[in-house]
Amino acid sequence: MTNRPPIAACFQFDYPDLQGLADLRQAKQRIASVPLLMVTQAHSESLAVWAFRTRVWDYFVQPVDLARFMEVVDTLRDLRLPERTAGSTRKATEVSNQIPAEARIRFPAPGDQHARLDLAITFIEQHLHQKIAQADVAERCGLSAFQLSRLFRKLTGTTFQEFLLRRRINEAQRLLANPRVSVTDVCFSVGFRDLSYFTRTFQKHVGQTPTAYRQTLTVQYGQLQPITDHGPHHQIESLDNHMAMMRQHAPCLAR
């Protein structure tokens, strides 16, 4: 990378660990001019903040928005290979950076029930891998725990706890489509803290144990081949191949 710096370097993680993140930071320190792209399956607000403080060029959460990813790659290619567009009219480089939807519901108006529900669901999505207390979410929405549960039942037809549990199970189904992720990792990634309880709960809602459900996916869609691990980062071509494979199996990845 030192002799022939690439257009960009992509670090892809399932579950970032200390060594992997240390490697990313060291790579940025050694070759500061090379833009780094970070792709991660396990996501949290603190991880994203750490990434941008480490001067990562862009940050993607799986499943990756492939169109935005390729837009970023094209932008970096134009910036680092100006001779490609020399002598021709070139449009101003633009990078899509839309304001997140949750910013519009950060401070819901009094009595705006749908906005409060959106705020609660956004919090659930951002902290699904953590312990989520109903009282904490309710306080964030300016409600009591009872009012929050009543709001969920009114607008979704289910209680807060039932909604949260179903969301965890749906995310577990999505993660089980990745053969590199163990059932134990899936269990902890969706907020469960006991593998036996996770297995019983999953079977109660899906009708199969997590292992049996994964085997069903293999029968329906063929063997899902794991990505060859070449270290903490992969070249862009490898990521593109992986994304194409995941899109091919899209029916089993529905949230």
Check the hydrophobic clustering (I, L, V, M, F, W, Y; side-chain heavy atoms under 4.5 Å; chains of links allowed) and say if Ile169 and Ile124 are grouped together.
no

Answer yes or no: does atom CZ of Arg55 have more than 12 heavy-atom neighbours from other residues, nucleotides or ligands under 6.0 Å?
no

For Ser149 and Gln134, work out which heavy atoms get closest and say how close.
CB-NE2, 3.5 Å

Leu21 vs Arg25 side-chain heavy atoms within contact, under 4.5 Å:
no

How about Glu162: does its CD atom have over 12 heavy atoms from other parts shown lying under 6.0 Å from it?
yes

Enter the distance from Arg168:CZ to His129:NE2 here, rounded to the nearest 0.5 Å.
10.0 Å

Salt-bridge contact Glu171-Arg174 (side-chain N to carboxylate O under 4.0 Å)
yes

For the pair Phe152 and Phe160, name the ring-plane relationship: parallel under 30°, tilted 30 to 60°, perpendicular over 60°.
perpendicular

Exercise: identify the closest heavy-atom pair between Ala120 and Leu148
CB-CD1, 4.2 Å

Spatial distance of atom OG1 (Thr216) from atom CD (Gln208) [nearest 0.5 Å]
3.5 Å

Answer yes or no: is there a donor N or O on one side and an acceptor on the other, between the side chain of Gln147 and the main chain of Ser144, under 3.5 Å?
yes

Could you go through the side chain to side chain contact (heavy atoms under 4.5 Å, CB included) check for Val56 and Lys28 one step at a time?
CA-CA 8 Å; Val56 167; Lys28 187 60 181 176; over 6 Å; no

Closest approach of Leu175 to Ser189 (non-hydrogen atoms, all atoms of both residues)
CD1-CB, 3.9 Å

Distance-minimising heavy-atom pair for Thr40 and Tyr59
CG2-OH, 3.5 Å

Output all residues satisfying side-chain hydrogen bond (donor to acceptor under 3.5 Å, both in side chains) with Asp185, sequence neighbours left out; order by chain, then residue number.
Ser182

Can you get from Phe163 to Phe198 by hopping between Ile, Leu, Val, Met, Phe, Trp and Tyr side chains that sit under 4.5 Å apart?
no

Rounded to the nearest 0.5 Å, the CE atom of Met38 sits from the CZ atom of Phe11 at a distance of 10.0 Å

Determine, step by step, whether Met70 and Leu66 satisfy the side chain to side chain contact (heavy atoms under 4.5 Å, CB included) criterion, reporting the C-alpha distance in whole Å, the side-chain angles of both residues, the deciding distance to 0.1 Å, and the verdict.
CA-CA 6 Å; Met70 294 310 302; Leu66 189 57; 4.3 Å; yes

Per the side chain to side chain contact (heavy atoms under 4.5 Å, CB included) rule, which among Thr201, Thr199, Thr184 passes with Phe192?
Thr201

What's the spacing between Thr158 OG1 and Arg166 CZ if we round to 0.5 Å?
9.5 Å

Co-membership, hydrophobic cluster, residues Leu128 and Val181, 4.5 Å side-chain:
no

Closest approach of Asp58 to Phe52 (non-hydrogen atoms, all atoms of both residues)
CA-CE2, 4.3 Å

Would you say CZ of Arg193 has more than 12 non-hydrogen atoms from neighbouring residues, nucleotides or ligands within 6.0 angstrom?
yes

For Arg214 and Leu176, the nearest pair of non-hydrogen atoms, with its separation, is NE-O, 2.9 Å

Distance, nearest 0.5 Å, that separates CG of Leu151 from OG1 of Thr159:
12.0 Å

Note, Val186 side chain near Pro210 side chain (heavy atom, < 4.5 Å):
no

Between Trp57 and Leu36, is any pair of side-chain heavy atoms under 4.5 Å apart?
no

Rounding to 0.5 Å, atoms OH (Tyr197) and NZ (Lys204) come to a distance of 8.0 Å

